[in-house]
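Basis for what follows: all heavy atoms, side chains included, without hydrogens, waters or symmetry-related copies. What you are looking at is a predicted structure, and each value in this text was computed from that prediction instead of being measured. Protein chains get the first letters and strands the later ones, always in sequence-line order, with residue 1 at the start of each.
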Amino acid sequence: MPELPEVETIRRQLAPAVEGRRIEDMEVLDQRWSAPALGVEAADAVRGRRIDKLDRRGKYLVWELSGDVHLVMHLRMTGNLLYTDDARFVRVRIRLDDGGSVVFADQRRFGTGVVLLGGDARDDYFASRLGVEPLSADFTADHIRELARGRRAPAKAFLLNQERIAGVGNIYADEALFIARIHPLRPIGTLRGKQFDALRAAVVEVLEAGIDARGATIDDFRHTDGASGAFQDRFLVHLRAGEPCVRCGTTIKKIRAAGRGTYLCPRCQRAPRAA
DNA sequence: CGCGCAACCTGTCTGC
DNA sequence: TGCAGACAGGTTGCGC
């Protein structure tokens with residue numbers, strides 16, 4: 001589903017088309033979209049503003065508008081942002097001053113959008129939800145070690161927790177743990193020194209590979225022009241239960257970890273003692 | 001506080 | 001063939 005590489009792919013594709021344009025109108029067809037501050041309707045808050053920058057934080061997409069207004073979107077699981085004026089399941093339509101349009105389409109209506117008035121409100125919004133950006137210089141083995149200290153949460157749950165590391169979801173967590181040879185149920189606080197290095201490197205590697213492949217399309221994710229990503233063809237363990245491990249040939253297994261379908265090589269990723 | 005889990009939602013797949 | 005139930009998953013909120 002849309003994780004960091006998928007959202008980054010959308011950002012890169014959409015930014016050239018929208019940055020510098022003005023929003024002529026925003027048509028809100030799903031009432032989950034709101035402006036919590038000042039009782040201002042979302043559409044009224046953004047109308048006429050210039051799009052200064054399209055940014056990303058974790059799995060969130062941020063439209064930085066003139067006048068210090070920020071439109072923050074989250075695609076959740078089935079949301080898509082398409083550069084077109086029509087599609088199935090359109091929840092929001094943004095018309096640009098050059099005649100172009102962007103629609104937020106979401107089959108399951110899980111996707112959300114919120115207008116935040118002022119950079120401070122935007123910063124507060126993210127500060128309470130998101131941890132370190134895994135592709136930034138702050139994402140070091142020492143940083144992960146600090147986050148993991150004393151915690152008994154399974155490694156998989158740790159990676160999925162956006163308050164610690166922002167942007168890793170179910171696909172990339174499985175792939176990173178396989179590369180780092182860490183069992184998904186291993187309590188994160190019991191990792192040894194070198195394993196933190198391996199985990200950092202693996203997370204960076206899979207996220208960059210995902211971006212290079214322009215994201216993974218399993219069911220719903222699409223590029224802004226409707227095309228599919230390619231990273232699903234490079235999965236090492238995710239969705240590969242019953243197939244041989246690319247490293248040792250052992251049959252890939254599917255288990256449940258952190259309430260999610262989780263794929264691993266039982267030989268490369270040795271089980272923790274008590275779990 | 002830390003952790004697990006249900007809820008949110010809807011389309012698709014599985015089993016009877 | 002039909003239908004009920006399971007499953008998919010990012011985030012939030014609740015309970016222990």
Does any N or O in the side chain of [X] come within less than 3.5 Å of the main-chain N or O of [Y], such that one atom is a donor and the other an acceptor?
X	Y	value
A:Arg234	A:Ala230	no
A:Arg21	A:Leu96	no
A:Asp220	A:Thr78	no

Output yes when [X] and [Y] qualify as a salt bridge under the 4.0 Å nitrogen-oxygen rule, no when they do not.
X	Y	result
A:Glu64	A:Arg122	yes
A:Arg50	A:Asp52	yes
A:Asp106	A:Arg91	no
A:Arg95	A:Asp85	no

Does anything in [range] come within less than 4.0 Å of DNA chain C? Heavy atoms only, and list the residues if so.
range	answer
residues 55-65 of chain A	A:Lys59, A:Tyr60
residues 80-87 of chain A	none
residues 212-242 of chain A	none

Under the side-chain contact (heavy atoms from CB on, under 4.5 Å) criterion, do A:Val203 and A:Phe139 qualify, and how do the steps go? CA-CA 10 Å; A:Val203 167; A:Phe139 186 60; 3.9 Å; yes
How many whole angstroms separate atom [atom1] of [X] from atom [atom2] of [N]?
X	N	atom1	atom2	result
A:Met77	B:dC8	CE	C1'	8 Å
A:Arg88	B:dT10	CZ	P	13 Å
A:Asn161	B:dC1	CG	C1'	13 Å
A:Met73	C:dT11	CE	C1'	18 Å
A:Asp174	C:dA8	CG	P	12 Å
A:Glu163	B:dG2	CD	C1'	11 Å

Handout entry: Touch class at under 4.0 angstrom, heavy-atom based, for A:Arg256 against every strand present
Key =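 A:Arg256: backbone/sugar contact only, no base atoms under 4.0 Å.
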inquiry  = Any heavy-atom pair between the side chains of A:Asp138 and A:Glu133 that's under 4.5 Å?
reply    =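 No - every pair of side-chain heavy atoms lies 4.5 Å or more apart.
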Give a yes/no on whether any side-chain N or O of [X] is located under 4.0 angstrom from OP1 or OP2 of [N].
X	N	value
A:His74	C:dG10	no
A:Arg129	C:dG10	no
A:Lys254	C:dA8	yes

* Asked: For the side-chain contact (heavy atoms from CB on, under 4.5 Å) test, which of A:Met73, A:Lys53, A:His70 pairs with A:Trp63?
  ->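 With A:Trp63 as partner, side-chain contact (heavy atoms from CB on, under 4.5 Å) holds for just one option, A:Met73.
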Report the end-to-end axis angle of the helix from B:dG2-C:dC16 to B:dC16-C:dG2; each axis comes from five terminal pairs, and the value is rounded to 10°.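 That helix gives 60° between its end axes.
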For this session: Measure distances between side-chain N and O atoms of A:Arg260 and base N and O atoms of C:dT11, and say whether any donor-acceptor pair falls under 3.5 Å.
Result: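 Answer yes: a donor N or O sits under 3.5 Å from an acceptor.
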Check the surroundings of atom CZ in A:Arg152: do more than 12 heavy atoms from other residues, nucleotides or ligands lie under 6.0 Å from it?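 Open: at most 12 neighbouring heavy atoms sit under 6.0 Å from CZ of A:Arg152.
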| message | Counting only heavy atoms and a strict 4.0 angstrom limit, can you tell me which residues of residues 151-160 of chain A come near DNA chain B? | response |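 Residues of residues 151-160 of chain A under 4.0 Å from DNA chain B: A:Arg151, A:Arg152, A:Ala153, A:Pro154.
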Write down the protein N/O and nucleotide N/O pairs, taken from nucleotides 14-16 of chain C, whose separation is under 3.5 Å; answer none if there are no such pairs.
none

Q | Summary of ring-ring contact (aromatic ring centres under 6.0 Å, His included) pairs that have at least one residue in residues 159-182 of chain A, sequence neighbours excluded | A |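 Sorted pair list: A:Tyr172-A:Phe231.
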Please tabulate, one pair per line, each protein N/O and nucleotide N/O from nucleotides 11-14 of chain B that are separated by under 3.5 Å, including the distance.
| residue | atom | partner | partner atom | Å |
| --- | --- | --- | --- | --- |
| B:dG11 | O4' | A:Gln107 | OE1 | 3.4 |

Checklist line | Pairs touching residues 200-217 of chain A that satisfy side-chain hydrogen bond (donor to acceptor under 3.5 Å, both in side chains), sequence neighbours left out | finding: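 Qualifying pairs, neighbours excluded: none.
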Sequence-distant partners of A:Phe221, ring pair (Phe, Tyr, Trp, His ring centres under 6.0 Å), two or more places apart: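 Applying ring pair (Phe, Tyr, Trp, His ring centres under 6.0 Å) to A:Phe221 gives A:His223.
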(message) Among residues at least two apart in sequence or on other chains, which ones pass ring pair (Phe, Tyr, Trp, His ring centres under 6.0 Å) with A:Phe126?
(response)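 Listed in chain order: A:Tyr60.
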* To do: Starting from the C-alpha separation in whole Å, work towards a yes-or-no answer on side-chain contact (heavy atoms from CB on, under 4.5 Å) for A:Val102 and A:Leu82.
  => CA-CA 6 Å; A:Val102 176; A:Leu82 303 168; over 6 Å; no
Using a 3.5 Å cut-off and no angle test, enumerate the donor-acceptor pairs between side-chain atoms of residues 249-264 of chain A and protein atoms at least two apart in sequence or in another chain.
| residue | atom | partner | partner atom | Å |
| --- | --- | --- | --- | --- |
| A:Arg256 | NH2 | A:Gly259 | O | 3.1 |
| A:Thr262 | OG1 | A:Lys156 | NZ | 2.9 |
| A:Thr262 | OG1 | A:Arg260 | O | 2.9 |

